[in-house]
Amino acid sequence: MVFAQVSDLHLDGSERAAERTRRVIDYVNALELDAVLVTGDLADHGRPEEYAELTVALKSPHPMMLLPGNHDRREAYREGLLGEPADGGPINVVQRVGDVNFLLADSTIPGRSNGFLAEETLAWVDSTLAADAASPAFVCFHHPPVALHSPLVDVIRLDNAARLAEVLGGHRNVVAVLCGHAHTAATSTFAGVPLLVAPGVVSTLTLPAEPRPDVDLDLPPALYLHVLDDERRLTTHCRVVVQDAPRTLTP
Ligand SMILES: [Fe+2]
Ligand SMILES: [Fe+2]
C-alpha cells in the first residue's frame, strides 16, 4: 500500500497558506494512492471559517485521514470536519485502509502548544491495537515523542512519551509512529519502531547549524510517500513540491 502524509497546513484565510496547501493536495490527488494522512495543525486558529476552508481544500479522490494539532480547536474541528456536535474531549479515530489500521490519536492540550496523550487516549490506543492484533497498524498523532534537536520544538513535544512507549511495548503490530508539528522532515525511532515526522506545508523549521531563519518561509512545501510492503517493511520517500515555473516556448 502507498499513502501520502501531509502536515501542518495552518490554513488561516491567507492566500499564502491556501496556495501551498493547494500545491501539495493537487500533487497527491494526481497520484495513485490508497490514502492521504494529514497530521494536524490543519487550521491556524481553529476558527469555524478555517474548517469551512479546509472542507474545500482537502477534497480528494483518496480516503482522507485527519487528526488535530495544537492550532486546531476540538469543538470547531468536530463540527466543521466531522459533522459532529461540538465537544471538547479528545478526538480519537481509527480508520482502516485495506488490511491496515490507522490510529488517529489526539495529542493536544486545549490552549497549549505542547502535547500530552490523556489516559483515555492511551487506553484507546491500547485496546484498539489489541482488538486487531493480526493487522499492521500505524499510530499517528501530532506531537513528536522524542527530541529533534531543535530548540523551538523540543520544548513543545509530547510530554508523556514514556507512558506511550509502555503501551506500544505491549503490542507487536505497530509498523511505525507518524507525527507532524515540527515542520521538518525528520526520522528517528520510538518504542522500537520507526518514527517519521512529516515536513510542514506552511513553513520549514531549520536546525541551529543551518544559516537560515529558525522558521523558513521560503523553502517549498514537502510531503512523504509511505510504502508498506508485504513483509510489513515501511519505506518512505520525501517529495518537495516546487511551484511550476511559467514555461516560455522558444520560437
Ligand atoms: Fe504546525
Ligand atoms: Fe503543531
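In this chain, numbering begins with 1 at the start of the sequence shown.
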How close do [X] and [Y] get, heavy atom to heavy atom, and via which atoms?
{"X": "S203", "Y": "L217", "value": "CB-CD2, 3.8 Å"}
{"X": "F138", "Y": "L228", "value": "CE1-CD2, 4.1 Å"}
{"X": "V153", "Y": "A182", "value": "CG1-CA, 3.9 Å"}
{"X": "P220", "Y": "V240", "value": "CG-CG1, 3.2 Å"}

Does any part of the side chain of [Y], heavy atoms only, come nearer than 4.5 Å to the side chain of [X], both counted from C-beta?
{"X": "L129", "Y": "L103", "result": "yes"}
{"X": "L195", "Y": "V146", "result": "yes"}
{"X": "L37", "Y": "C140", "result": "yes"}
{"X": "T39", "Y": "C179", "result": "no"}
{"X": "P90", "Y": "E120", "result": "yes"}
{"X": "R163", "Y": "L117", "result": "no"}
{"X": "P151", "Y": "P208", "result": "yes"}
{"X": "L66", "Y": "L104", "result": "no"}

Are [X] and [Y] in one and the same hydrophobic cluster, where Ile, Leu, Val, Met, Phe, Trp and Tyr link if side-chain heavy atoms are under 4.5 Å apart?
{"X": "L164", "Y": "L148", "value": "yes"}
{"X": "V97", "Y": "V175", "value": "yes"}
{"X": "L205", "Y": "L207", "value": "no"}
{"X": "M65", "Y": "V139", "value": "no"}
{"X": "V202", "Y": "V6", "value": "no"}

Just do the side-chain contact (heavy atoms from CB on, under 4.5 Å) check on V177 and V193 with the steps written out, would you? CA-CA 7 Å; V177 172; V193 297; 4.0 Å; yes
Could you tell me which residues satisfy salt bridge (Lys or Arg N to Asp or Glu O under 4.0 Å) with [X], sequence neighbours excluded, listed by chain and number?
{"X": "R232", "result": "none"}
{"X": "R157", "result": "none"}
{"X": "R172", "result": "none"}
{"X": "E32", "result": "none"}

Between [X] (side chain only) and [Y] (backbone N and O only), is there a donor and an acceptor less than 3.5 Å apart?
{"X": "T128", "Y": "V125", "result": "no"}
{"X": "E53", "Y": "A18", "result": "no"}
{"X": "T206", "Y": "P213", "result": "yes"}
{"X": "R23", "Y": "V241", "result": "yes"}
{"X": "T189", "Y": "G192", "result": "no"}
{"X": "T108", "Y": "N70", "result": "no"}
{"X": "N29", "Y": "K59", "result": "yes"}
{"X": "H45", "Y": "E50", "result": "no"}
{"X": "D34", "Y": "V2", "result": "yes"}
{"X": "E79", "Y": "A76", "result": "no"}

Test Y27 against every option in V24, I25, L31 by the side-chain contact (heavy atoms from CB on, under 4.5 Å) rule and name the one that passes.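 Single side-chain contact (heavy atoms from CB on, under 4.5 Å) partner of Y27 among V24, I25, L31: L31.
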Between T21, V38, D41, L42, which is the residue that forms a side-chain contact (heavy atoms from CB on, under 4.5 Å) with V201?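 Single side-chain contact (heavy atoms from CB on, under 4.5 Å) partner of V201 among T21, V38, D41, L42: T21.
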To the closest 0.5 Å, what do you measure between [atom1] ([X]) and [atom2] ([Y])?
{"X": "D126", "Y": "L168", "atom1": "CG", "atom2": "CG", "answer": "9.0 Å"}
{"X": "L54", "Y": "M64", "atom1": "CG", "atom2": "CE", "answer": "9.5 Å"}
{"X": "L196", "Y": "C238", "atom1": "CG", "atom2": "SG", "answer": "10.5 Å"}
{"X": "H226", "Y": "M1", "atom1": "NE2", "atom2": "CE", "answer": "11.0 Å"}
{"X": "L158", "Y": "N160", "atom1": "CG", "atom2": "CG", "answer": "5.0 Å"}
{"X": "L223", "Y": "S7", "atom1": "CG", "atom2": "OG", "answer": "11.0 Å"}

Run the numbers on T121 and N92 for side chain to side chain donor-acceptor pair (under 3.5 Å), then give the verdict. CA-CA 7 Å; T121 300; N92 299 317; 3.0 Å; yes
Who pairs with A165 by side chain to side chain contact (heavy atoms under 4.5 Å, CB included), at least two apart in sequence or on another chain? F190, A191
Residues that F116 engages under ring pair (Phe, Tyr, Trp, His ring centres under 6.0 Å), provided they are two or more places apart: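 Ring pair (Phe, Tyr, Trp, His ring centres under 6.0 Å) list for F116, sorted by chain: empty.
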Residues which pass ring pair (Phe, Tyr, Trp, His ring centres under 6.0 Å) with H71, listed by chain and number, not counting sequence neighbours: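 H10.
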Could you note down all residue pairs passing salt bridge (charged side-chain N to carboxylate O under 4.0 Å, His left out) where residues 5-16 supplies at least one of them, sequence neighbours left out? E15-R22
Salt bridge (charged side-chain N to carboxylate O under 4.0 Å, His left out) partners of residues 60-74, not counting sequence neighbours, each pair once: R74-D106
Classify the angle between the aromatic ring planes of H143 and H181 as parallel (below 30°), tilted (30 to 60°) or perpendicular (above 60°).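 Taking H181 first and then H143, their aromatic rings sit tilted (interplane angle of 30° to 60°).
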Should the pair F3 and F102 be assigned to parallel (<30°), tilted (30 to 60°) or perpendicular (>60°) ring geometry? perpendicular
State which residues pass side-chain hydrogen bond (donor to acceptor under 3.5 Å, both in side chains) with H62; sequence neighbours excluded, sorted by chain then number. none
Under the side-chain hydrogen bond (donor to acceptor under 3.5 Å, both in side chains) test, residues paired with N101 that sit two or more places apart: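 Only R96, D132 meet the side-chain hydrogen bond (donor to acceptor under 3.5 Å, both in side chains) criterion with N101.
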With sequence neighbours left out, which residue pairs that include part of residues 216-225 fulfil the side-chain hydrogen bond (donor to acceptor under 3.5 Å, both in side chains) condition? R212-D216
Working note: V94 + W124, criterion side-chain contact (heavy atoms from CB on, under 4.5 Å); need CA distance, chi angles, decisive distance, verdict. CA-CA 10 Å; V94 60; W124 173 82; 4.0 Å; yes
Take L82 and I91, measure what side-chain contact (heavy atoms from CB on, under 4.5 Å) needs, and give me the verdict at the end. CA-CA 10 Å; L82 306 179; I91 301 168; 3.9 Å; yes
